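Working notes for the structure below.
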Amino acid sequence: MKNNLITILALTTAMAANAQTVKSPDGRLAVSLQCENSRLSYSTSYDGKTILEPSPLGLITDVADFTQGLSVEGFKVDTVKFSYSCQTLKKSHVDVKATHAVWSISRNGVPAYDLVFMVEDNDIAFRYEMRRQPAKVKGDSTFCAIIKDDQTHFNMPQGTTTFLSAQMKGGTGWSRTAPSYEHPYFTDRPTGDNAGGAGFVFPCLFKTPDGWVMISETGVTSAYCASHLDCEQGNRYKIANPLDADYNFNGTTTPGIPLPGCTPWRTITIGKDLAPIAETTIPWDFVTPLYEPSKNYDYGAGTWSWIIGMDESVNYKVQREYIDFTAKMGFKSVLVDNWWDKQIGRDSIEMLSKYALSKGVSLMLWYNSNGYWNDAPQTPRNIMNNLIARRREMAWMKSIGIRGIKVDFMGSDKQQTMQLYEDILADANEFGLEVIFHGATLPRGWERMYPNFIGNEAVLASENLHFSDDFCRQESYNATLHPLIRNSVASMDYGGVTFNDYFNTTNDSTMWGGHRVTSDVFQMAVAVLFQCPLNHLALYPSVTKNNEPWKLEFVKNVPTLWDDIKLIDAYPGKYLIIARRHIHTWYVVAINAQKEPLKRTLSLPMLKCGITLYSDDTNLKGSMKELKISKKSTYEINVPQNGAAIFVGKE
Ligand code: CA
């Protein structure tokens, strides 16, 4: 109660200037709402420094234009406090404390919507909760609306630089499978550009003169589309609906909602440094599970042959070898990739699954989401997009002990596609199947909302290491970005960790396949850097088995479920030092993408006993040693470009 009183007092002073201000529980983050000339805008500050300049709000719908004729009719504020647990997040237990502010907005005197803001110490989530409206034609009222344009803006201060990935234009890319969130990130770019009109995917990271800001959205279900961010001009960014060409022009770009109904949560994470960005739980704090899990889903590491052996490896013999290898590694999952229906066949998949189960391993099966929206030829096709075929297939999978599915080439942010994601997830849960999506959108709170959801690709993932030497040379650069951007807001199915020098089955330059430039210790670090609760690694059995035992032991034991995360130091595109905890064991990882070595004295008070250090020499040759506990809890690192250091120790 005390907190509420303080907030309300702070509020009355601010109201004089035609603005109402609410503050985070610790008082450092402030959100102000202004209504001038019957239009609404909001602004934010942290420790009194501007983070967002006054930014217009409002929705343009088929019912009315809710950006003008507006007035603030009511205001309520209180504090919410609760906890939740979800083992598939970067942090298994979360305590939430937020200032909950509701502004009731009318248009021309008729109640229009509530603007709901949740303000945590470093995070804001807000949405529009629309009221039922007077009928357009005749009758009592309108029970639905189409959101033609969301006019929610994010006006960055002068001097902001951007760390963004462009939205892919629908119908572009390989076999017209875009958008799939597979454009590169560019760092430290000026504002003002809008990626050729396509805008940028969430999450969007910005560096302002006084700190860091990440903008994203969460809670997207079949009840809305996935949005992205357009740069209108200069420092003015706004929410944008999907592009018309998504989904081969099927479906609309304008989401429909019932009335009353709401938009997804838009989120803003703010920090003086990057720790609040890397550690945020805002994607999950205000969403809830949409159904009960039908069973206790299992997580851990697994393997997949496709990343090294490509389509050719999807045959009975190689998959059986991977099952044997996977069982020896102590893993429980083998992902059988595309063409299995043609190259292995359903009868043999049943035999393979039976064999896997006898070894304590179960299979994930790949599916093409199509359908009728792109030209990806891989089979099985025309199953996951159709309720009757999908449920029949899932019943078969359940009967032969399949653990889950990887559904590829979704390629659209439209509401119609969000419906397909949700339908696949809900059906899969009925049959006890876990779900991974590739060629996909960013998951928006889905780990908590859909209990059988594992992770999406939605990033330039490990397949590009196979396809391109150039991408191999960018590997450490990209790895410094993902824990701060893409992987900060959702599980990321990257499919990395390899000891191959070349991404091919001969492991040399005689065959096609990218040439790895990162060290083996770097590859081990990838298992800690990229979070995904069921993590299929790019290990190639013959290369892996002949490796030094300490590397194998590390990969066998590294967890895929995490209880806590701490960012120690980072600059996106340059270097990253991050710590994750599994029960009582901390993994502290440092990587370096810069030419000059990364030299630091790290303070690691969380490491209290049994410390092991994995590190590289200047030639990227790795070694392992046991460390004595430092009295001051400080440890030196010297990480060469494309190398890594990993500390493992108990708290
Ligand atoms: Ca892909």
Side-chain angles (χ1 to χ4, degrees), residues 165-185 198 201-202 226 246-248 302-311 313-314 335-340 364-371 373-381 384-385 404-413 417 420-421 424 435-443 446 453-472 474-475 478-479 481-482 485-487 490-498 503 512-514 526 530-532 534-538:
S165 167
Q167 175 79 20
M168 300 171 87
K169 287 186 179 167
T172 63
W174 181 78
S175 291
R176 302 194 293 144
T177 54
S180 50
Y181 290 59
E182 289 176 298
H183 268 338
Y185 282 89
V201 299
F202 291 127
D246 280 25
Y247 227 42
N248 199 23
T303 65
W304 58 317
S305 70
W306 185 87
I307 185 62
I308 302 293
M310 296 269 120
D311 294 353
S313 71
V314 184
L335 167 62
V336 184
D337 221 283
N338 56 197
W339 300 118
W340 59 264
M364 297 283 290
L365 294 181
W366 185 98
Y367 286 85
N368 188 330
S369 75
N370 282 277
W373 38 89
N374 59 57
D375 305 324
Q378 288 93 330
T379 61
R381 283 180 64 101
M384 284 301 145
N385 61 310
I405 52 175
K406 168 181 169 182
V407 186
D408 210 335
F409 307 126
M410 304 292 292
S412 157
D413 280 350
T417 317
L420 180 60
Y421 280 113
I424 291 173
V435 183
I436 293 170
F437 292 106
H438 269 229
T441 193
L442 177 79
W446 294 0
F453 172 71
I454 297 293
N456 281 12
E457 183 182 34
V459 69
L460 279 167
S462 61
E463 62 185 357
N464 296 284
L465 297 168
H466 188 116
F467 299 148
S468 151
D469 277 350
D470 198 42
F471 193 81
C472 285
Q474 297 283 311
E475 190 181 4
N478 285 315
L481 305 176
H482 299 322
I485 309 176
R486 160 66 181 87
N487 203 187
S491 299
M492 184 171 86
D493 188 37
Y494 183 86
V497 183
T498 191
F503 279 80
W512 188 59
V526 165
F530 301 162
Q531 174 263 329
C532 191
L534 175 60
N535 202 7
H536 294 98
L537 309 180

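Counting starts at 1 for both ligands and their atoms, in listed order. Because the structure is predicted, anything quoted here is derived from the model rather than measured. All values below come from the heavy atoms of this structure, side chains included, with hydrogens, waters and symmetry mates left out.
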- Between the side chain of Asn464 and the main-chain N/O of Ala461, is any donor-acceptor distance below 3.5 Å? yes
Show me the donor-acceptor pairs, under 3.5 Å and distance only, between side chains in residues 406-413 and residues at least two apart or in other chains.
{"residue": "Lys406", "atom": "NZ", "partner": "Asp337", "partner atom": "OD2", "Å": "2.9"}
{"residue": "Asp408", "atom": "OD1", "partner": "Gly439", "partner atom": "N", "Å": "3.3"}
{"residue": "Asp408", "atom": "OD2", "partner": "Trp366", "partner atom": "NE1", "Å": "3.1"}
{"residue": "Ser412", "atom": "OG", "partner": "Lys414", "partner atom": "N", "Å": "2.9"}
{"residue": "Ser412", "atom": "OG", "partner": "Thr417", "partner atom": "OG1", "Å": "2.6"}
{"residue": "Asp413", "atom": "OD1", "partner": "Tyr181", "partner atom": "OH", "Å": "3.4"}
{"residue": "Asp413", "atom": "OD1", "partner": "Thr441", "partner atom": "OG1", "Å": "2.8"}
{"residue": "Asp413", "atom": "OD2", "partner": "Gln167", "partner atom": "NE2", "Å": "3.3"}
{"residue": "Asp413", "atom": "OD2", "partner": "Tyr181", "partner atom": "OH", "Å": "2.7"}

- Message: For the OG atom of Ser165 and the CG atom of Leu460, what is their distance to the nearest 0.5 Å?
- Response: 7.0 Å
- Task: Please identify each residue that fulfils side chain to side chain donor-acceptor pair (under 3.5 Å) with Ser369, with sequence neighbours left out.
- Result: Trp373
- N, O or S atoms of the protein lying under 3.0 Å from the Ca ion (ligand 1): Glu182 OE2, Glu457 OE1, Glu457 OE2, Glu463 OE2
- Message: Any side-chain to backbone donor/acceptor pair from Ser462 onto Gly495? Under 3.5 Å, distance only.
- Response: yes
- Message: Checking Glu182 now: which residues fulfil side chain to side chain donor-acceptor pair (under 3.5 Å) with it, not counting sequence neighbours?
- Response: Ser180
